[in-house]
Student: 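Here you go, one structure.
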Amino acid sequence: MELKKQVALVSGASRGIGKAIALALGAEGATVVGTATTDAGAQSIGEYLAAAHISGKGAQLDVKDAARIEALIAEIEQAYGGVSILVNNAGITRDNLAMRMKESEWDAVIDTNLKSVFRLSKAVLRGMMKARSGRIINITSVVGSSGNAGQINYSAAKAGIAGMTRSLAREIGSRGITVNCVAPGFIDTDMTRALSEEQRQALLQQIPLGRLGIPADVAAAVVFLASPQAAYISGTTLHVNGGMYMS
């Protein structure tokens, strides 16, 4: 229970990787607030946290809404205390080839995936700086490093988060706050299950370990970066991709 007395905010926690992260942080003793874009999603988060006997709740949040972000942080502080662990996981895809991509597809991904990390990080900074302690962990992607055809918006957003992470780590490290990224490769989620068998086999050929990851693989990396053992790690990207991309 290394994270006992910690308060974690996990965006995009209704399913998949976000859900696994919320459950893993809670299993280590953290109080967890997970967000979803809908009230139904928030309710499902509250239900799975309760079923796992984890303190916390689900909350409805549009990560593009700065006013709602500020209000949620205030609610969390009043109910549980200051946010000491922030996991920026919420994201969307609007895949298209560059020549066909609409500006609305570019803007939606940049605003949701990149600008939201700035908004949420800024919202928790005052409390973390006052406490002289904190963990900000941003979920990026292998394609932010390797690139991927048909995903220039998503790849740009994820690469941007990595640059933001390094800069923020330099700004606030003196206050005892670490800022890092976890970059998943191809993970066995609803999205990858929708692939054809041919597409799935083509993916597996790119992965030296010969399998897709599971959400728990990513969650374990997040828990480590949130833990006391990672106190001297900041400004880095931890790749969780089975060897698909190496640097």
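Residue numbers start at 1 and run along the sequence shown.
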Student: From Thr178 OG1 over to Ile85 CD1, what is the distance, rounded to the nearest 0.5 angstrom?
Tutor: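 Result: 9.5 Å between the selected atoms.
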Student: Applying side-chain contact (heavy atoms from CB on, under 4.5 Å), name anything that partners Ser196, two or more places apart in sequence or on another chain.
Tutor: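 Ser196 satisfies side-chain contact (heavy atoms from CB on, under 4.5 Å) with Glu198, Gln199 only.
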Student: Holding to side-chain contact (heavy atoms from CB on, under 4.5 Å), I want the full list of residues that pass it with Arg170, two or more places apart in sequence or in another chain.
Tutor: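 Once residues adjacent in sequence are excluded, Arg170 has no partner under the side-chain contact (heavy atoms from CB on, under 4.5 Å) criterion.
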Student: Can you establish whether the number of heavy atoms outside Glu103 located under 6.0 Å from its atom CD is more than 12?
Tutor: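 For Glu103, atom CD is not crowded (no more than 12 foreign heavy atoms under 6.0 Å).
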Student: Could you list the residues that satisfy side-chain hydrogen bond (donor to acceptor under 3.5 Å, both in side chains) with Arg100, not counting sequence neighbours?
Tutor: none
Student: In chain order, what residues pass the side-chain hydrogen bond (donor to acceptor under 3.5 Å, both in side chains) check against Glu70, with sequence neighbours excluded?
Tutor: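 Per chain and number, Glu70 pairs via side-chain hydrogen bond (donor to acceptor under 3.5 Å, both in side chains) with no residue.
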Student: Each residue besides Phe118 in its hydrophobic cluster should be listed here, by chain and number; the cluster joins Ile, Leu, Val, Met, Phe, Trp and Tyr at side-chain heavy-atom distances under 4.5 Å.
Tutor: Met101, Trp106, Ile110, Leu114, Val117, Ile152, Ile161, Met164
Student: Pairs in or reaching into residues 226-235: which pass side chain to side chain donor-acceptor pair (under 3.5 Å), with residues at least two apart or in two chains?
Tutor: Glu2-Gln229, Ser227-Gln229
Student: Just jot down the salt bridge (Lys or Arg N to Asp or Glu O under 4.0 Å) partners of Lys57, sequence neighbours excluded, or say none.
Tutor: Glu75
Student: Suppose we screen for side-chain hydrogen bond (donor to acceptor under 3.5 Å, both in side chains). Which residues come up paired with Arg119, at least two apart in sequence or across chains?
Tutor: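 Residues passing side-chain hydrogen bond (donor to acceptor under 3.5 Å, both in side chains) with Arg119: Asp111.
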Student: Report the residues that fulfil salt bridge (Lys or Arg N to Asp or Glu O under 4.0 Å) with Asp62, sequence neighbours left out, ordered by chain and then residue number.
Tutor: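 Listed in chain order: Lys64.
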Student: What pairs of donor and acceptor atoms, side-chain ones from residues 236-247 against any protein atom, are under 3.5 angstrom apart with sequence neighbours left out?
Tutor:
residue, atom, partner, partner atom, Å
Asn241, OD1, Gly243, N, 2.8
Asn241, OD1, Met244, N, 3.0
Asn241, ND2, Tyr245, O, 3.1

Student: Heavy atoms, side chains only, cut-off 4.5 Å: are Val182 and Ile21 in contact?
Tutor: no
Student: Mind checking whether Ser116 and Asn88 have side chains closer than 4.5 Å, heavy atoms only?
Tutor: no
Student: Would a 4.5 Å heavy-atom cut-off, applied to side chains only, mark Arg200 and Leu212 as touching?
Tutor: yes
Student: Please tabulate, for side-chain N and O atoms in residues 29-39, each donor-acceptor pair with protein atoms closer than 3.5 Å (sequence neighbours left out).
Tutor:
residue, atom, partner, partner atom, Å
Thr31, OG1, Ser55, OG, 3.3
Thr35, OG1, Gly12, N, 3.2
Thr38, OG1, Gly41, N, 2.9

Student: For Asp107, check side-chain hydrogen bond (donor to acceptor under 3.5 Å, both in side chains) against everything at least two apart and list the hits.
Tutor: none
